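The model shown is predicted, which means the values in this text are computed figures rather than measured ones. Just so you know, residue 1 is the first one in the sequence shown, and it goes up from there. Just follow the structure's listing: the first ligand is 1, and inside any ligand the first atom is 1.
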Amino acid sequence: MERTDPFARHAVRPSVSVVVPALNEEESVGWVMENVPGWVDEVVLVDGLSVDGTELVVADVRPDVVVVHQRARGKGAALRAGFAAASGDVVVMLDADGSTDPREVGVFVDALVGGAQFVKGSRYLPGGGSSDFTWLRDVGNRGFVWLANRLFGVAFTDLCYGFCAFWRRDVGRLGLVADGFEIEMELVCSAVRAGLSVVEVPSWELCRRSGVSNLHAWRDGWRVLGTLLHQRFRLGRRRPGRVGESTGTEIRLVPTLVPAHGSGQWLPAGSDTRGWEEHREAEALMTVLVATAAESTAPVPVRPARAAVAELAVSELAA
Ligand SMILES: Nc1nc2c(ncn2[C@@H]2O[C@H](COP(=O)(O)OP(=O)(O)OP(=O)(O)O)[C@@H](O)[C@H]2O)c(=O)[nH]1
Ligand SMILES: [Mg+2]
């Protein structure tokens with residue numbers, strides 16, 4: 001497995017951000033963080049309002065973690081917020097439950113540095129596999145692969161696998177809008193439609209290390225199918241480079257001061273309903289990015305600190 005710095009032989013070293021969506025994964029995310037290669041420049045944790053110590057576990061291993069508190073629900077909304085917050089040249093997606101192996105990150109980055117524009121893991125290539133497939137997921141996934149290959153004229157071996165990497169400069173071209181697990185299908189279809197060169201690398205999916213899945217095979221399967229059909233037929237014939245021109249992606253990231261990790265007054269994002277006035281009494285503060293849907297009229301539950309208020313559109317951040 002790749003454990004060395006894939007940039008060692010390159011004069012100009014692109015920076016790498018790892019984006020980790022997490023919802024109550026304190027039992028698993030520590031292992032994930034400990035196995036993120038040391039040469040990764042940035043870890044962005046998108047915490048879906050966990051009520052456990054997920055954030056603390058990550059901060060313990062990576063004190064420099066960029067924390068995003070995700071007010072909208074779903075893995076897709078989490079990833080979109082994470083992509084907006086990331087600052088690296090390269091973005092790699094990693095699950096917090098340990099099912100995507102952080103020790104494989106180098107293989108993905110290597111493929112990008114070698115010329116690919118979008119890299120996706122495949123559990124069906126030689127060297128890849130899964131310890132986590134149920135028969136339903138396996139059959140369903142094979143069906144999606146068959147259909148997508150015919151609809152898009154491609155020859156993928158796998159889909160619906162959340163281990164992907166790409167250059168951050170291309171995020172805007174993908175025009176991502178998915179909120180749920182269908183983001184994985186949307187990412188790949190959008191990359192194809194945008195004319196990016198998509199490369200598969202072998203990957204071995206592990207079982208989640210603890211806790212329960214947030215995925216519901218039937219419900220999420222329908223959403224995936226809807227996304228696939230929408231991606232293929234929305235604009236009729238494929239027009240490379242046109243996708244994402246009018247992105248509906250509107251997630252705001254609001255820098256917000258909250259009690260710092262280790263301050264004794266820290267609370268998990270999902271159980272902290274205090275307002276800024278109460279936070280101001282905290283002995284130590286830190287900044288998190290609160291992600292909300294731009295169209296949402298609901299107030300951000302934790303009021304942003306006055307000095308730090310800045311509302312940043314995804315498009316600005318991705319620029
Ligand atoms: N921030 C955030 N993360 C989420 C949300 N839903 C799922 N996740 C995370 O997304 C990753 C993948 O979700 P899982 O529930 O493991 O789904 P899965 O990998 O298809 O299912 P398993 O087979 O159980 O691993 C995990 O790290 C979850 O914690 C959400 O609404 N918000
Ligand atoms: Mg998982």
Check Val68 against Ala81 and note the closest heavy-atom contact, atom names and distance.
CG1-CB, 4.2 Å

State which residue, out of Arg73, Arg80, Arg223, fulfils the salt bridge (charged side-chain N to carboxylate O under 4.0 Å, His left out) condition with Asp179.
Arg80

When you measure from [atom] to every protein heavy atom, which one gives the shortest distance, and what is it?
{"atom": "atom 17 (O) of ligand 1", "value": "Phe181 CE2, 3.4 Å"}
{"atom": "atom 7 (C) of ligand 1", "value": "Asn214 ND2, 3.5 Å"}
{"atom": "atom 2 (C) of ligand 1", "value": "Gln70 OE1, 3.2 Å"}
{"atom": "atom 28 (C) of ligand 1", "value": "Glu25 OE2, 3.3 Å"}
{"atom": "atom 4 (C) of ligand 1", "value": "Leu23 CB, 3.9 Å"}
{"atom": "atom 12 (C) of ligand 1", "value": "Asp95 OD2, 3.5 Å"}
{"atom": "atom 21 (O) of ligand 1", "value": "Ser213 OG, 3.0 Å"}
{"atom": "atom 14 (P) of ligand 1", "value": "Arg208 NH2, 3.5 Å"}

Going by the closest heavy atom to [atom], which one wins out of [options]?
{"atom": "atom 6 (N) of ligand 1", "options": "His69, Lys75, Met93", "result": "Lys75"}
{"atom": "atom 31 (O) of ligand 1", "options": "Ala72, Ala77, Gly74", "result": "Gly74"}
{"atom": "atom 9 (C) of ligand 1", "options": "Gly48, Gly76, Pro21", "result": "Pro21"}
{"atom": "atom 27 (O) of ligand 1", "options": "Ala96, Gly98, Ala291", "result": "Ala96"}

Taking 4.0 angstrom as the limit, do Arg208 and Asp95 come out as a salt bridge?
no

With the threshold set at 4.0 Å, does a side-chain nitrogen-carboxylate oxygen contact exist between Glu184 and Lys120?
no

Numbered atoms and elements of ligand 1 in range of [X], under 4.0 angstrom, heavy atoms:
{"X": "Arg137", "answer": "20 (O), 21 (O), 22 (P), 23 (O)"}
{"X": "Asp132", "answer": "22 (P), 23 (O), 25 (O)"}
{"X": "Val46", "answer": "1 (N)"}

For residues Thr100 and Ser203, determine if any side-chain heavy atom of one lies less than 4.5 Å from a side-chain heavy atom of the other.
no

Hey, is the Mg ion (ligand 2) within less than 2.8 Å of some N/O/S atom on Asp97?
yes

Rounded to the nearest 0.5 Å, what's the gap from CG on Asp97 to CH2 on Trp31? Could you check?
9.5 Å

Close N or O approach (Asp97, ligand 1; < 3.5 Å):
yes

Going by atom types only, do His69 and Glu55 share a side-chain donor-acceptor pair under 3.5 Å?
yes

Would you confirm whether the ring centroid of Phe166 sits within less than 6.0 angstrom of the ring centroid of Phe83?
yes

Side chain to side chain contact (heavy atoms under 4.5 Å, CB included) partner of Arg123, chosen from Thr157, Asn141, Asp132, Asp138:
Asn141

Is there a path of hydrophobic side-chain contacts, each under 4.5 Å between heavy atoms, that joins Leu206 and Val29?
yes

Does the pair Ser131 and Trp204 meet the rule for a side-chain contact (heavy atoms from CB on, under 4.5 Å), with working shown?
CA-CA 8 Å; Ser131 314; Trp204 193 285; 2.8 Å; yes

